[in-house]
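As structure tokens, the structure follows; a few thoughts come after it.
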Number of protein chains: 4
Amino acid sequence: MNLCPKRWSRRKEARPHEILEAALELFAEKGYAATRIDEIAKRAGVTRGTPYLYFAGKEEIFKALISELLLPALDEAEALFNGFSGSASERLRCVVHVWWQSMGETRLSALPKLMVAEAGNFPEVAQLYNEQFVARGEAIFRQVIEAGIASGEFRAIDVEYALHVLCAPVVMAMLSRYMPCGHAQLDPVRYLDTLLDLMLHGLYPHPDSTRSEVSDHA
Amino acid sequence: MNLCPKRWSRRKEARPHEILEAALELFAEKGYAATRIDEIAKRAGVTRGTPYLYFAGKEEIFKALISELLLPALDEAEALFNGFSGSASERLRCVVHVWWQSMGETRLSALPKLMVAEAGNFPEVAQLYNEQFVARGEAIFRQVIEAGIASGEFRAIDVEYALHVLCAPVVMAMLSRYMPCGHAQLDPVRYLDTLLDLMLHGLYPHPDSTRSEVSDHA
Amino acid sequence: MNLCPKRWSRRKEARPHEILEAALELFAEKGYAATRIDEIAKRAGVTRGTPYLYFAGKEEIFKALISELLLPALDEAEALFNGFSGSASERLRCVVHVWWQSMGETRLSALPKLMVAEAGNFPEVAQLYNEQFVARGEAIFRQVIEAGIASGEFRAIDVEYALHVLCAPVVMAMLSRYMPCGHAQLDPVRYLDTLLDLMLHGLYPHPDSTRSEVSDHA
Amino acid sequence: MNLCPKRWSRRKEARPHEILEAALELFAEKGYAATRIDEIAKRAGVTRGTPYLYFAGKEEIFKALISELLLPALDEAEALFNGFSGSASERLRCVVHVWWQSMGETRLSALPKLMVAEAGNFPEVAQLYNEQFVARGEAIFRQVIEAGIASGEFRAIDVEYALHVLCAPVVMAMLSRYMPCGHAQLDPVRYLDTLLDLMLHGLYPHPDSTRSEVSDHA
DNA sequence: AATGAATGAGCGTTCATTCAT
DNA sequence: GATGAATGAACGCTCATTCAT
């Protein structure tokens, strides 16, 4: 059993993170309730009792997924957005793609799925998620839209509503990774490009069709 | 204990439906795993053993929610769509609003939430949901978009991708009813109107701004 | 449902017997605990509540199997024994074969199996079985052996012990009908003839080996 | 609650055996179905969940009774038989008495009772029992009888049938320990001696009655 | 720090029994 | 007399959590 005698000598401070990664994978696959602490421990390479050395219980692991994995990723994404300048449409494109690269296509996309499923059962976790993640994410999109309207690049639509229309496909793309349904066969990047194209130009034929950009991607 | 003397006289045919309604409410509130059969039974006004007279087990109740509640609602909605004629944009508006009225704003919107959470754990239910509900729902939207393109009313965008961009906010509006997050404070109808406006016209200012329709609704 | 309107007009007094026969079959196949009242009812051609019109509960059905089916069969067998005269060995042969024909090879052989399994759980039934069936059965064998000893046809062995040695294979032949083991492939009649052959040649005090009789039976 | 401070320190290897012993006792007393896992646990000095640490379920406990308790006892008994030499009648006596001592008069005699009751419900367990226990047990008796016939010490009777006639009282003696019936009041050893006496005098092809041996034991 | 044996509350399911019809 | 919908106690099994080592 103890094949490697020093197998945890250097790992001490890494343990909580390993446990969280294991938990995230399993919660993504099976949901919160169907994931056993044993499985998390085993996938993290530890035994049943170890998670309790670092987390008070299953719910605390859930909460830590938000604060220890998701929020830091949002911090990084925000830094990328902030370092980007350009037209409103260029910033919108940037925000959508950076969002996807830094969160959507990573294991973190499991968290929106988890929150859809468990928000009602864990109000405390839901509050953390909403205040620290959703609100900040929406603020990013809101800024871009508002700036576009202010500069006259965008129409003066209702920002709050447009914002959610814009976010919904991004979130759905994250959720779809865990469902064997229609979305699943689509290429997410092309999907997001279509989103941007439609959001910017609409379905109606353009008076000037030079703005269409989705065809670049094939 | 015997509060109601005729407590089962004429209920036989009604029982399964009562149980499904109770299950749907509870699954919506707490998710599949966190809902106990006892609770379903109690909310349906029966006792622990009664659900098993009508359903083989918890999973069968889940499956019956799809086949007995959701699919009939889709049947009705389809009938409404089919009875509607008009321009592609008028039909799109019709489809989105009928969808919302006949499913989105009803208790049935719990089922997409459930499927997000449990598709991985119940492949059989997921297959039923995808084949009988998602595929048919997408087909409705696809027809409208394809007809619009064929008639020249819409641009020749990639139908499959546009379809999912269009559906995503509709589905998110359903999911959002069970989350205390941003979407929650929005008026769903106005949200869908914004979706239609953006999808048809895009964010860019119109060359002819007479087409904007969202202002009608306020 | 009521395809045959008078389907029970003539059956009223037959119902209890039909229920007992169904119960006997099912208890034999699956044991007492694993047999559901529903199954008994269905096999008897009635519904769930009907057995309770005739029997106070499951245990009463069990008890009635003894008193209503087994004991009458023993009565008949006893009548046959009593009408038979001959040497002790002839009477022994008669007893063994009549026992087998009237009980061993019928569905009644399920009852010894049931009693082996359930005597500890149903002391009242066990008492009935022991006092009314086992004791009377043993008495029959005891009489024959004692008469054989008294007449000098048999050795003066210990009657009580010999009696049980003699009965054991008879009972085992009954039990074996419900087990897929070694006994199962044997022909019961030939088995009992072997028993008699072995028992008699041990019981006879005198030493000519011409008496072997098992070959008669093919 | 914490009456015994070292309540599980060194028990890990002993637990499965303790649980099996408890299960064997309770299955013997009440049968398989009427024995609750809770009772087994309590009698083994553990709580409800502990048996599941060592056995996959109730049926696995049943199966383990055969493989972990009964078959090892048969191994030991076989070793004793194999170390014994003598005439066929002496070997027969040896086999019967060793059988009784190593299995019949121990708690293992519960297993034949259990198998009579449950063979039909657990075909897999029945197969294990028949192939590994019954078949091997019969082989032991068969060898002795065949050797006796080969040496001329026994008559040339039909071995398969005689074998089962011989075994039946041995098995019945085991079953009888769990029934409050006739057999119960007999001394098993004297019962087996009577069996041997009767069997041998039937098996011996030659006719001097001086060989009666049961009187020795009284 | 880490282990893993043990706990025990909780849940899905079954089924003997009841009783309004 | 017969039905069968409904009941509710009981049981097998699970799993988050604890704690002696």
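Chain A is the first sequence line, chain B the second, and so forth, proteins listed ahead of strands; every chain is numbered from 1. From a predicted model like this one, the values you see are computed outputs, not experimental measurements.
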Quiz item: Counting side-chain heavy atoms from CB outward, which of E:dT3, E:dT14, F:dT18 is closest to B:Y52?
Solution: E:dT14
Quiz prompt | Taking every non-hydrogen atom, the tightest pair across D:A22 and D:R43 | solution = CB-CB, 3.9 Å
Self-check item: Rounded distance (Å) that lies between atom C1' of E:dT17 and atom CD1 of C:I40
Solution: 13 Å
Quiz prompt | Rounded interatomic separation in angstrom, taking CG from B:L26 and P from E:dG12 | solution = 12 Å
Self-check item: Pair assignment for E:dA20, Watson-Crick or G-U wobble, requiring both distances under 3.5 Å
Solution: F:dT3
Practice problem: Describe, in one word, how the ring planes of B:F27 and B:Y32 are oriented to each other, choosing from parallel (under 30°), tilted (30 to 60°) and perpendicular (over 60°). | Solution: tilted
Exercise. Look at the side-chain N and O atoms of D:Y54 and state whether any lies under 4.0 Å from the OP1 or OP2 oxygen of E:dA5.
Key: no
Quiz item: Given that D:V46 and C:A33 both sit by DNA chain E, which one's nearest nucleotide is further toward the 5' end?
Solution: D:V46
Exercise. May I ask you to say what A:R48 touches in the nucleic acid, namely base, sugar-phosphate or nothing, with a heavy-atom cut-off under 4.0 Å?
Key: base
Quiz item: Which whole-number value in Å describes the distance from A:K30 NZ to F:dA16 P?
Solution: 11 Å
Quiz prompt | Spacing of A:I61 atom CD1 relative to F:dT17 atom C1', expressed in whole Å | solution = 12 Å
Quiz item: Nearest to the side chain of D:T47, which nucleotide is it out of E:dT13, E:dT7, F:dT3?
Solution: E:dT7
Self-check item: Ring-face cation contact, B:F122 with B:K63, 6.0 Å cut, 45° max
Solution: no
Quiz item: Can we say A:R107 and A:E25 salt-bridge, meaning some charged N sits less than 4.0 Å from an Asp/Glu carboxylate O?
Solution: no
Practice problem: Examine E:dT7: is either OP1 or OP2 under 4.0 Å from a nitrogen or oxygen in the side chain of D:T50? Give yes or no. | Solution: yes
Practice problem: Report the residue (B:G49 or A:Y32) whose heavy-atom-nearest nucleotide on DNA chain F is the more 5′ of the two. | Solution: B:G49
Quiz item: OP1, OP2 of F:dA2 versus side-chain N and O of C:R15: anything below 4.0 Å?
Solution: yes
Self-check item: Whole angstrom value for the distance that separates P of F:dA2 from CZ of C:F55
Solution: 12 Å
Practice problem: Grab the CD-C1' distance between A:E39 and F:dT14 for me, whole Å please. | Solution: 12 Å
Practice problem: Measure the distance from CZ on D:R36 to P on F:dA9 and round it to the nearest whole Å. | Solution: 15 Å
Practice problem: Check the distance between E:dA5's P and A:D38's CG and give it to me in whole angstrom. | Solution: 11 Å
Quiz item: Just by distance, do the side chain of C:T35 and the backbone of C:K30 share a donor-acceptor pair under 3.5 Å?
Solution: no
Quiz item: E:dA1 pairs with which nucleotide, Watson-Crick or G-U wobble, both distances below 3.5 Å?
Solution: none
Exercise. Assign each of B:L53 and D:E59 to its nearest nucleotide of DNA chain F by heavy atoms, then name whichever residue's nucleotide is nearer the 5' end.
Key: B:L53
